[in-house]
Amino acid sequence: NWLHNGQPTGVQDATTTEDGAYNMSLGDSVVRKPGARVWLPSENEWYKAAYHKNDGVTGNYFDYPTSSDTAPGRDGLEITNPGNNANYSVGLTNVYLIGSPYYRTVIGEFELSDSPYGTFDQGGNINEWNETLIESSSRGYRGGAFNSYSGFLKSDVQSYNTPNTQNHYIGFRVASVPVACPSADLTNDCFVNFEDLAKLASEWLTGIQ
């Protein structure tokens, strides 16, 4: 709601955190409102972003959200195991890749291990809530965590819990509608600036040579 409402500051109320993408007065039965600009993904949205092969309208899915059917490694530098790594536990000793006290994945740590849709860290790191009601008032979460075995990262593993559950290994990511970039944006960064002018000039000069 806070993101949907433009990240307002000051006293928090229905115009800031309690209403917007979700009307929180509905309690456990809250659902996404029409016109939501930022929201928790549904089970299907999260699953597709993590596992679908992004090869058109097909039923083709990977087993792991690192674009692989093989369990990922834990090479933070992605040198010995390029393109298939995640932050999860190995063995009973819980040897985490990222150290105490947070154990979380640094943003971009596994830059070669994104899903076919370009999302990062949907496997390992932390379990991620989705908004779908699974059983009674319980909501789903997926992906495994830094203290999970690699099997919890697989596409066929689903978990759920009551939405007031709080744990250091459960978090969330948000989804939003992509913003269309201006037609004058030639460098695909969604800004019209000097770099676009320079590219336009370069293309013009190339064209008259």
Side-chain angles (χ1 to χ4, degrees), residues 2-3 21-22 28 30 32 38-54 61-176:
W2 181 72
L3 291 169
Y22 302 91
D28 288 347
V30 64
R32 186 193 311 174
V38 182
W39 61 87
L40 261 65
S42 68
E43 163 76 10
N44 289 339
E45 290 168 339
W46 196 99
Y47 190 94
K48 182 174 182 179
Y51 302 111
H52 190 254
K53 292 188 176 182
N54 195 12
Y61 289 82
F62 285 112
D63 288 337
Y64 294 91
T66 51
S67 302
S68 176
D69 290 324
T70 304
R74 301 168 70 249
D75 180 357
L77 298 177
E78 299 202 297
I79 296 174
T80 60
N81 186 45
N84 184 24
N85 294 284
N87 178 16
Y88 64 92
S89 178
V90 173
L92 298 176
T93 55
N94 289 336
V95 183
Y96 307 121
L97 175 65
I98 311 299
S100 175
Y102 301 112
Y103 309 109
R104 308 296 192 265
T105 301
V106 177
I107 296 173
E109 184 78 33
F110 303 112
E111 67 273 13
L112 303 178
S113 300
D114 53 331
S115 80
Y117 284 90
T119 61
F120 292 91
D121 304 319
Q122 283 194 260
N125 193 36
I126 53 173
N127 291 283
E128 297 181 359
W129 287 111
N130 63 64
E131 66 174 16
T132 300
L133 283 165
I134 303 298
E135 181 177 288
S136 184
S137 63
S138 294
R139 308 281 172 152
Y141 61 85
R142 278 188 175 271
F146 62 85
N147 58 352
S148 302
Y149 292 108
S150 62
F152 285 91
L153 283 59
K154 289 190 70 175
S155 60
D156 59 355
V157 176
Q158 179 191 58
S159 302
Y160 59 90
N161 216 322
T162 55
N164 61 351
T165 299
Q166 298 182 55
N167 269 311
H168 60 293
Y169 53 83
I170 303 178
F172 64 93
R173 72 177 59 218
V174 296
S176 64

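The residues of the chain are indexed from 1 along the displayed sequence.
- Defined by atom type and a distance below 3.5 Å, a donor-acceptor pair is missing between the side-chain atoms of Asn161 and Ser138.
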- Task: Let me see the working for Leu40 and Tyr22 under side-chain contact (heavy atoms from CB on, under 4.5 Å), right down to the final yes or no.
- Result: CA-CA 10 Å; Leu40 261 65; Tyr22 302 91; 3.8 Å; yes

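- Taking 4.5 Å as the limit, every side-chain heavy atom of Ser148 sits out of range of all side-chain heavy atoms of Tyr169.
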- Give the intermediate values and the outcome of side-chain hydrogen bond (donor to acceptor under 3.5 Å, both in side chains) for residues Gln122 and Thr119. CA-CA 7 Å; Gln122 283 194 260; Thr119 61; 2.5 Å; yes

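- More than 12 heavy atoms of other residues, nucleotides or ligands lie within 6.0 Å of OH in Tyr117, so this atom counts as buried by the packing criterion.
- Of all non-hydrogen atoms in Val38 and Ser176, the two that sit nearest each other are CG2-CB, 4.3 Å.
- Under the 4.5 Å side-chain criterion, counting only non-hydrogen atoms from C-beta, Ile170 is not in contact with Ile126.
- A donor-acceptor contact shorter than 3.5 Å is absent between the side chain of Glu128 and the backbone of Gly143.
- Inspection of the Asn84 and Thr66 side chains reveals an N or O donor paired with an N or O acceptor under 3.5 Å.
- Annotation: side chain of Trp46 is in contact with side chain of Tyr51 (closest heavy-atom distance under 4.5 Å).
- Annotation: Tyr160, atom OH; neighbour count of heavy atoms from other residues, nucleotides and ligands within 6.0 Å does not exceed 12.
- Of all heavy-atom pairs between Pro41 and Arg173, the closest is CD-O, 3.2 Å.
- The closest donor-acceptor contact from the side chain of Arg142 to the backbone of Ser159 lies at 3.5 Å or more, if one exists at all.
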- Task: With side-chain contact (heavy atoms from CB on, under 4.5 Å) as the test, would you mind laying out the steps for Ser115 and His52 before giving the verdict?
- Result: CA-CA 8 Å; Ser115 80; His52 190 254; over 6 Å; no

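- For OH of Tyr61, the number of neighbouring non-hydrogen atoms (other residues, nucleotides, ligands) closer than 6.0 Å is greater than 12.
- Side-chain contact of Glu131 with Trp39: a donor-acceptor pair under 3.5 Å is absent, judged by distance alone.
- The closest side-chain heavy-atom distance from Asp69 to Tyr64 is not below 4.5 Å.
- To the nearest 0.5 Å, atoms OH (Tyr141) and OG1 (Thr165) are separated by 7.5 Å.
- Residues Asn125 and Asn87 are in side-chain contact: their nearest non-hydrogen atoms beyond the backbone lie under 4.5 Å apart.
- Side-chain contact between Phe110 and Leu112 is absent, with no heavy-atom pair separated by less than 4.5 Å.
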- Message: Pair Thr162, Asn164 - check side-chain hydrogen bond (donor to acceptor under 3.5 Å, both in side chains), show working.
- Response: CA-CA 6 Å; Thr162 55; Asn164 61 351; 2.9 Å; yes

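- Asp114 approaches Ser67 most closely through the heavy-atom pair O-OG, 2.9 Å.
- Judged by distance alone, the side chain of Asn127 and the main-chain N or O of Gly144 form a donor-acceptor pair under 3.5 Å.
- Closest non-hydrogen pair, Ser137 versus Pro163, comes out as O-CD, 3.3 Å.
- A salt bridge does not link Glu109 to Arg74: none of the charged side-chain nitrogens sits closer than 4.0 Å to a carboxylate oxygen.
- Between Ser150 and Ala71, the shortest heavy-atom contact is OG-CB, 4.1 Å.
- Looking only at side-chain heavy atoms (C-beta outward), Phe146 and Ser89 stay at 4.5 Å or farther from each other.
- Inspection of the Thr80 and Asp75 side chains reveals an N or O donor paired with an N or O acceptor under 3.5 Å.
- Of all the heavy atoms in Ser113 and Gly83, the pair that sits closest is OG-C, 3.4 Å.
- Here the side chains of Glu43 and Arg139 are not in contact, with every heavy-atom distance at 4.5 Å or above.
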